[in-house]
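Please read the structure below before turning to the comments.
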Amino acid sequence: MSQSDVNQSNKLSFLAKFAFGMGDFWTSIGNIAMSTYLTMFYTDVVRLSPAMVASMLLIVRLAVAFWDLTVGILVDQTKSRWGKARPWMLFGGIAYGIAFLFLFADPFGNSLAGIIYAWAVYAIVNVAYSTVNVSYASLTSLLTDDTNEKTQLNIFRMTLANVAAMLVYVLAMPVVGLFPGSSLGWSLFFGVIAVMIPFGYWFTFANTREIIGNKSDEGDANVSGASYVGRRTVAEHFRALSRNKYWWLTLGLNFALWMYNGIANGMAAYIAKYVLGNSNLTAVIGLATVIPMVVGLPFAGPLVAKFGKRNSSLVGLVLVVVGSLLVFVDPSNLWVFFVSIIVRMIGIVPMNAALNAMSADVVDYGEWKTGVRSDGIVFSSSSFSMKVAMGVSAAAIAWILGLSGYDGGAAEQSATTISAMINTFVWVPIATVAVMTVLLWLYDLDRRIAGIAADLAERR
């Protein structure tokens, strides 16, 4: 079977791609809510101390990150008429919507009960979020084995995720501002979203079908000719992955990218409020973050297909550094910030377009090399690294603010705090770019994956 035959047999309809992308629409809303707004909600509305918030964000994220791996194992061990990942996504989405309803609520204020409530709800939301996010991400390698189709799926996913982010950035603070000094606006805006989340994941569930790894429980461990890889023990999965260097590289890339996203999104709300002087400018900064992604992602597909995931991403990272340094032209000028964010978001587009597809290629490479296919564990481990990065970045923001003397009840912050906000916003992204550059340089799977996909198709 030629590679062209493989490609033709795995083409997905527009509806399937759109439905898949809509899954990340709702995941993105939850991510933006927790990475951009939740820290401010806890420090400025509930009035919890930055140190306590930092500890909560880090400890819960790190603990729940291990649940990601559990979900990945469960996905790989699941056999059902709905497939491996789709049932976990559907029921996880229902639990996620219900839990999210209670996240931006303040029934007890800054009291012991309020602290316990915040910890409990945040933990439950993250468990549900992990369940739906890991199973949803696993679909990338289960819907098709065509590497270009995987890139297209990721572009649909990232485009719709950024549309969701744009809506949140535009609407959140104006709705919150209708009820000043109260948690009501927060509860109203994010509560409406919570009610819609289960229906959103049902749409993805209903309009996608798994075709990879769901045909039979029979399989041969022999690498030279397994027609389909059946159930494996958890130890077998991890032994196989430990020998897959591309798995380690994508884990590092996920961690670095989400450290970048966490710092950029989390600090943006504080910069809008205290550096630029207007909390409603969070919407402007947010638009500068997502518009380049929405516009650029459809064009990223042909570029990635022509130049490869690695090379496209490396070139883009140069712009991220340039855009970050532009802030120092005038940190208090909205237009400088606006242009800076646009430049660096254009630069990060190829990385966002390629990374999830890289993980899907890692799954195929692992099956080709070892005979063990680990869709769920590969994507859950990527989610694990993402959770750790989000926890570390959110905690880092709260710790930096606390060490700089931040006061959530003050209308203005000290020069030390302002400087800490700006320097964190600039230098942490540059540091993550340095890490991603090294890891991408070592990633050479692009030139091998077409042949691997054709070989796997022959074996099956």
If only atom types and distance count, is the side chain of Trp248 paired as donor or acceptor with the main-chain N or O of Ser242 below 3.5 Å? yes
Taken to the nearest 0.5 Å, the spacing of Phe104 CZ from Ser187 OG works out to 9.0 Å
- According to the interplanar angle, ranging from 0 to 90°, do the rings of Trp82 and Phe91 count as parallel (below 30°), tilted (30 to 60°) or perpendicular (above 60°)? tilted
**Prompt:** Hey, are the side chains of Trp427 and Ser324 touching, using non-hydrogen atoms and a 4.5 Å cut-off?
**Reply:** no
By side chain to side chain donor-acceptor pair (under 3.5 Å), Thr250 pairs with (sequence neighbours left out) none
Quick note, side chain to side chain donor-acceptor pair (under 3.5 Å) partners involving residues 198-207, not counting sequence neighbours, are Thr27-Tyr201
- Task: State whether the side chain of Arg86 and the backbone N or O of Arg209 hold a donor-acceptor pair below 3.5 Å, judged by distance alone.
- Result: no
Smallest heavy-atom separation, Ile263 atom then Pro429 atom, equals CG2-CD, 4.4 Å
Sorted by chain and residue number, the side chain to side chain donor-acceptor pair (under 3.5 Å) partners of Trp186 (sequence neighbours excluded) come out as none
CG of Leu439 to CG of Asn254, rounded to nearest 0.5 Å, is 10.5 Å
Those residues at least two apart in sequence (or on a different chain) that pass side chain to side chain donor-acceptor pair (under 3.5 Å) with Thr289 are none
The complete set of ring pair (Phe, Tyr, Trp, His ring centres under 6.0 Å) pairs with one or both residues in residues 250-270, sequence neighbours excluded, reads Tyr270-Tyr406
Sorted by chain and residue number, the salt bridge (Lys or Arg N to Asp or Glu O under 4.0 Å) partners of Arg157 (sequence neighbours excluded) come out as Asp24
Residue set satisfying ring-ring contact (aromatic ring centres under 6.0 Å, His included) with Phe189, at least two apart, ordered chain then number -> none
- prompt: Between Asp364 and Lys150, is there a salt bridge with N-O shorter than 4.0 Å?
  reply: yes
For Tyr443, the ring-ring contact (aromatic ring centres under 6.0 Å, His included) test, sequence neighbours excluded, returns Tyr246
Contacts of Arg243 meeting side chain to side chain donor-acceptor pair (under 3.5 Å) (sequence neighbours excluded), chain-then-number -> none
So the ring pair (Phe, Tyr, Trp, His ring centres under 6.0 Å) pairs with at least one residue in residues 132-164 (sequence neighbours excluded) are Phe14-Phe156, Phe20-Tyr136
Sorted by chain and residue number, the ring-ring contact (aromatic ring centres under 6.0 Å, His included) partners of Phe384 (sequence neighbours excluded) come out as Phe66
Residues at least two apart in sequence or cross-chain that pass ring-ring contact (aromatic ring centres under 6.0 Å, His included) with Phe25, listed by chain then number, are none
